[in-house]
Every structure is written in C-alpha cells, then in structure tokens.
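Data first, discussion second: the structure below is written as structure tokens.
The chains referred to below are lettered A, B, ... by the order of the sequence lines, with proteins before strands, and numbering in each begins at 1.
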Amino acid sequence: GAGVSQSPRYKVAKRGQDVALRCDPISGHVSLFWYQQALGQGPEFLTYFQNEAQLDKSGLPSDRFFAERPEGSVSTLKIQRTQQEDSAVYLCASSLGWPGATNEKLFFGSGTQLSVL
Amino acid sequence: AQKITQTQPGMFVQEKEAVTLDCTYDTSDQSYGLFWYKQPSSGEMIFLIYQGSYDEQNATEGRYSLNFQKARKSANLVISASQLGDSAMYFCAMREGELSGGYNKLIFGAGTRLAVHP
C-alpha cells in the first residue's frame, strides 16, 4: 500500500494475555518508530529502528514491551502479560531516514487501539 | 519537565475565518526543530509544517503558517480560511538537538481539538 499500515485496528485483551501489534511501513523507508498515545494525550516515543537495527528503545515502559524488525521492513510490537495501564493507541511511523534530514517528516499509520480488560 | 505545552484543550472557529493554535516549548538546545501534526478521527497523524530553530523566516505551507517567536519559545500554528475538514486534533512536536544517529525523535504536546463551525 501507499501508506503505513497497522493491524489489527482494534485489539481487546484480558489482563495477563500477550499481544502482538504489526506495522507495515512505506516501502523503502529506513526509519521506523513506535509511539504510545494514551487517551487525551499526545503520542509518546517508545522505540526506533534503522533498518533492522533497534537503535533506541529508551521509551519502552517495561521489559514486558518488546519490538522487532527482523528484515528491515515489517515491525512487530509485542506486549507480554498485558496490564490495564497498557490500554492506549499504538502508532507506528516511518520515514525515508536520509542522513542529516532535520526536517524529515514522519508518516504515521492509523494505529492499533489496545484495550486491556 | 514538560517540553511542549499546548494550553488550549479545545478551540472553535467559524468556517473561512483564521485561527491560531498555541504552542510553547522548553529546551536548552540551540538547534532544534518544531513540527505540527493533524490527527483526524481516523487516527493517523498528518504532517502539516516544520520550522527549524535557525530558520530566519516563518514557515508556510498553503493555508498553514507557523508564527515562530524564538525568544518567547513559542511556535503557534495559524490556519487561514478554515474549512470544515480542518476539524481535528492538532499536535505540536519538537526534536531536540542535532540529529543524533540521524533520526527525528519527536516529543509531542497534549494537543488542541479544533472544531470548525459552518
């Protein structure tokens, strides 16, 4: 597709379940980001990939959160033993990743809305 | 400490009028970048405009302009000739410092919900 695609669009999980959220970035985009957006708040950075390398995971809230991008394209965000505070919209974004491009814009997907009961 | 402050939880404007959405930021870096994104009800974030800290002129993109006041650390978004389709959440975001590792790690504000009335 032409844009960033995320699936599923909605996910309901029981507390303690593991979930996996998928992101298909724009073809050819080197950079990939995951953000978490709580209700009524702005997105908060979780992690960043340059191709398959996870260069920044400083925003992951706990060791229950794990992200991968094994072939440098599709990425998966996994949350183990989900808790109610994990309920949020998880946004994926990608960009070309040109070195030194200070004004490079991110292209976002529509997100996955996770509800943990 | 909050880096990006958007003090207007909600704003409304009459169609075809102009509206200003406020954004102030906090950074000790000399080099930084400021972005505005629009988030309609569909959920995706849409890039609107970018202003670099060293840019001498205010950025403009069609009906969008950025009123950048560096000394006051403000980067307000001005939307001219509002349209019904402009109704959405608007987020101000900042990249601090020079690109580290070559990527734009953005910090977002809490957003302003804009409603355009016919």
Side-chain angles (χ1 to χ4, degrees), chain A residues 1-10 23 25-26 29-51 53-59 88-114, chain B residues 2-10 21 23 25 29-55 59 61 64 66 68 88-113:
Chain A
V4 177
S5 177
Q6 292 188 247
S7 60
R9 185 74 177 89
Y10 302 94
C23 172
I26 294 173
H29 278 194
V30 168
S31 297
L32 186 145
F33 300 80
W34 283 98
Y35 281 84
Q36 181 190 58
Q37 186 175 19
L39 187 64
Q41 299 296 317
E44 291 193 0
F45 172 83
L46 292 177
T47 187
Y48 164 72
F49 289 86
Q50 186 179 80
N51 293 308
Q54 188 175 20
L55 299 186
D56 187 342
K57 52 182 180 179
S58 61
V89 174
Y90 290 85
L91 293 167
C92 176
S94 70
S95 67
L96 283 168
W98 286 1
T102 57
N103 63 341
E104 189 172 82
K105 58 186 177 183
L106 301 186
F107 293 84
F108 283 82
S110 295
T112 293
Q113 185 170 327
L114 174 64
Chain B
Q2 196 166 14
K3 297 284 190 176
I4 298 285
T5 302
Q6 294 182 254
T7 57
Q8 306 154 316
L21 306 183
C23 172
Y25 58 90
D29 287 320
Q30 296 301 308
S31 175
Y32 50 90
L34 297 157
F35 298 75
W36 276 91
Y37 279 83
K38 171 184 177 182
Q39 188 177 43
S41 56
S42 60
E44 68 180 282
M45 305 278 282
I46 302 168
F47 168 82
L48 296 178
I49 197 166
Y50 167 82
Q51 179 86 40
S53 59
Y54 292 121
D55 294 340
E61 291 280 352
Y64 305 108
L66 202 152
F68 181 46
M89 284 290 290
Y90 288 80
F91 291 94
C92 180
M94 178 174 67
R95 169 191 53 76
E96 283 190 295
E98 298 290 342
L99 285 182
S100 173
Y103 64 100
N104 270 315
K105 179 178 176 179
L106 300 184
I107 302 166
F108 286 84
T112 295
R113 182 171 296 281

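- Nearest heavy atom pair, residue K105(B) against residue Y35(A), reads C-OH, 4.2 Å.
- In terms of heavy-atom pairs under 4.5 Å with chain B, the best-connected choice from G59(A), G42(A), G111(A) is G42(A).
- Across every non-hydrogen atom of S42(B) and R9(A), the tightest pair is O-NH2, 2.6 Å.
- In this structure, chain B has no heavy atom under 4.5 Å from any part of E44(A).
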Evaluate Y37(B) against K105(A) for side-chain contact (heavy atoms from CB on, under 4.5 Å), listing each step before the verdict.
CA-CA 10 Å; Y37(B) 279 83; K105(A) 58 186 177 183; 4.1 Å; yes
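- With a 4.5 angstrom heavy-atom cutoff, F107(A) does not touch chain B via any of its atoms.
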- request: Determine, step by step, whether Q39(B) and L91(A) satisfy the side-chain contact (heavy atoms from CB on, under 4.5 Å) criterion, reporting the C-alpha distance in whole Å, the side-chain angles of both residues, the deciding distance to 0.1 Å, and the verdict.
  value: CA-CA 12 Å; Q39(B) 188 177 43; L91(A) 293 167; 4.2 Å; yes
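- Residue T47(A) does not touch chain B at all, counting heavy-atom pairs closer than 4.5 Å.
- Of the two parts of L34(B), neither the backbone nor the side chain holds a non-hydrogen atom closer than 4.5 Å to a non-hydrogen atom of chain A.
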